[in-house]
Visitor: 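For reference, the structure I am asking about is given below.
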Amino acid sequence: MCGRTSCHLPPDALARACAYLDRRGRRRLPDWRDPDKYCPSYNKSPQSSSPVLLSRLHFEKDADSSDRIIAPMRWGLVPSWFKEDDPSKLQFNTTNCRSDTMMEKRTFRVPFGKGRRCVVLADGFYEWQRCQGTNQRQPYFIYFPQVKTEKSGSTGVADSLENWEKVWDNWRLLTMAGIFDCWESPEGNVLYSYTIITVDSCKGLSDIHHRMPAILDGEEAVSKWLDFGEVSIAEALKLIHPTENITFHPVSPVVNNSRNNTPECLTPIDLVVKKELKPSGSSQRMLQWLATKSPKKEDPKTPQKEEPDVPQWSSQFLQKSPLPTKRGSAGLLERWLKREKEEEPVAKRPHSQ
């Protein structure tokens, strides 16, 4: 399942993080629709407003279906046929949508059949592992591995774009497959809402939870999912499956309360002492490595350090079904959060929802 996410970037930075190539091969940034309704947060819960990517064709009849828009939508799909005057009166949970039953349930089958596919954007999502023999649960932050390239530390589609470092050179957003719908109240107020499609967990996450979001890994998958005008339902369904290209680390229980909205929600902790990790041992080598090996200045011909010098965060805390080791992702997260905090004006920092 997926019941809590983080998406803290301001609107302009979020758009840059979603740069893409249109059908003609031109580099584009998605336009915002109702950006004032988007509230950045490190701790988003259902019924809050979160940003999703979708085809411009949903709003403009003559648009190219490959053109993209970012729109804030309510998390928790309200079906178009819902007859009550208040979305909160919906009697069933639509935060997530199981891939194996979504074609059987009218709530999801109808909008999916109309091509209402979207990509839910997030820094990553949170999941809780039940601690054996207790009622306690340990939260984890789960996200894409942050892999450096020779260009400028960017990933994925960035490799195919020129001057990409001028557009975006930061955290790779998690892209989750979703379905949206449009509900109109008796008074004529229009509400757009979405659900996140879930699948069986990949092997690496199965010890945390048995379900995970259907993650669209890479520009090609995102493009096919969004382009409902050219990609059929049958082809789109082939994109819905677990992925092992994921990494995670334990975080503080401060994230348990959705009203807590600070970078501490994402910060890696040491499970032995339940506190923020200090730069000692392998973590100290990681911080030194990042400080002296800036991706933008690194000579691509310089040999990489041996693997033991780069600490592995993801699955070292789990006793079963560990993930393949990922290179320095949590360290990049710490650096990313620190830079955001230092550079972002106080007025633009996200508030609690």
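Values below: every heavy atom of this structure, side chains too, minus hydrogens, waters and symmetry copies.
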Visitor: Does R24 have more than 12 heavy atoms from other residues, nucleotides or ligands lying within 6.0 Å of its CZ?
Guide: no
Visitor: I'd like to check the ring pair (Phe, Tyr, Trp, His ring centres under 6.0 Å) partners of W32; sequence neighbours left out, ordered by chain and number.
Guide: Y38
Visitor: I would like to know whether D34 and D36 meet side chain to side chain contact (heavy atoms under 4.5 Å, CB included); could you show each step before the answer?
Guide: CA-CA 5 Å; D34 300 326; D36 293 340; over 6 Å; no
Visitor: Is there a donor-acceptor pair closer than 3.5 Å between any side-chain N or O of D22 and the backbone N or O of R26?
Guide: yes
Visitor: If you count the non-hydrogen atoms of other residues, nucleotides and ligands that lie under 6.0 Å from CD in E220, is the total more than 12?
Guide: no
Visitor: Is there a path of hydrophobic side-chain contacts, each under 4.5 Å between heavy atoms of I/L/V/M/F/W/Y residues, joining L239 to L237?
Guide: yes
Visitor: Could you tell me the separation between the OG1 atom of T107 and the CZ atom of F92, rounded to the nearest 0.5 Å?
Guide: 3.5 Å
Visitor: Under 3.5 Å, side chain of S49 to main-chain N/O of P72, donor-acceptor pair present?
Guide: no
Visitor: Indicate yes or no for a side-chain donor-acceptor contact from H8 to the backbone of T262 under 3.5 Å, with no hydrogens or angles considered.
Guide: no
Visitor: Same hydrophobic cluster for L121 and L174, using side-chain heavy-atom links shorter than 4.5 Å among ILVMFWY?
Guide: yes
Visitor: Hydrophobic cluster membership, with links at side-chain heavy-atom distances under 4.5 Å among I/L/V/M/F/W/Y: are I240 and F144 in one?
Guide: yes
Visitor: Given D67 and Y20, is the side chain to side chain contact (heavy atoms under 4.5 Å, CB included) satisfied, shown in steps?
Guide: CA-CA 9 Å; D67 287 349; Y20 68 101; 4.0 Å; yes
Visitor: Is it the case that atom NZ in K83 sees more than 12 heavy atoms from other parts of the structure closer than 6.0 Å?
Guide: no
Visitor: Would L191 end up clustered with F82 when hydrophobic side chains under 4.5 Å apart are linked, directly or stepwise?
Guide: yes
Visitor: Examine distances only and state if a side-chain atom of S201 and a backbone atom of H209 form a donor-acceptor pair shorter than 3.5 Å.
Guide: yes
Visitor: Between the side chains of S66 and D64, does any donor sit under 3.5 Å from an acceptor?
Guide: yes
Visitor: Is it true that a side-chain atom of E244 and a backbone atom of K203 form a donor plus acceptor pair closer than 3.5 Å?
Guide: yes
Visitor: Hey, is the main chain of T198 close enough, under 3.5 Å, to the side chain of S99 for a donor-acceptor pair?
Guide: yes
Visitor: Provide the closest heavy-atom pair for G3 versus P46 in the form atom of the first, atom of the second, distance.
Guide: O-CD, 3.2 Å
Visitor: Salt bridge check, D181 against R116: does any charged N sit closer than 4.0 Å to a carboxylate O?
Guide: yes
Visitor: Compare every heavy atom of H249 with every heavy atom of T267, then report the nearest pair and how far apart it is.
Guide: C-NE2, 4.2 Å
Visitor: Does any N or O in the side chain of Q138 come within less than 3.5 Å of the main-chain N or O of V251, such that one atom is a donor and the other an acceptor?
Guide: yes
Visitor: Given side chains that start at C-beta, do those of V199 and H241 come closer than 4.5 Å, heavy atoms only?
Guide: no
Visitor: Going by heavy atoms in the side chains, are R211 and R98 under 4.5 Å from each other?
Guide: yes
Visitor: Out of the candidates W75, Y126, Y42, only one should pair with T5 under the side-chain contact (heavy atoms from CB on, under 4.5 Å) rule; please name it.
Guide: W75
Visitor: Does atom CZ of R28 have more than 12 heavy-atom neighbours from other groups under 6.0 Å away?
Guide: yes
Visitor: Specify the closest pair of heavy atoms between S65 and S55, including all atoms of both residues, with the distance to one decimal.
Guide: O-OG, 2.8 Å
Visitor: Say you draw a straight line from CD1 of I196 to CG of L77; how long is it, rounded to the nearest 0.5 Å?
Guide: 11.5 Å
Visitor: Going by the rule ring pair (Phe, Tyr, Trp, His ring centres under 6.0 Å), which residues pair with F108 if we only count those two or more places apart in sequence or in a different chain?
Guide: none
Visitor: Please find the pair of heavy atoms, one from R4 and one from K44, that lie closest to each other, and give the distance.
Guide: CD-O, 3.1 Å
Visitor: Looking only at heavy atoms, what is the nearest atom pair of I179 and M102, with distance?
Guide: CD1-SD, 4.0 Å
Visitor: If you measure from the Lys or Arg side-chain nitrogens to the Asp or Glu carboxylate oxygens, is any gap between E219 and R68 under 4.0 Å?
Guide: yes
Visitor: If you count heavy atoms of other groups shown closer than 6.0 angstrom to CD of Q91, is the number above 12?
Guide: no
Visitor: Okay, side chain of Q129, backbone of D207: is any donor-acceptor separation there less than 3.5 Å?
Guide: yes
Visitor: Quick one: does any side-chain atom of S45 pair with a main-chain N or O of S258 as donor and acceptor, under 3.5 Å?
Guide: no
Visitor: Taking C-beta and beyond as the side chain, do C182 and Y192 meet within less than 4.5 Å on heavy atoms?
Guide: yes
Visitor: L29 and A15: which non-hydrogen atoms are nearest, and at how many Å?
Guide: CD2-O, 3.7 Å
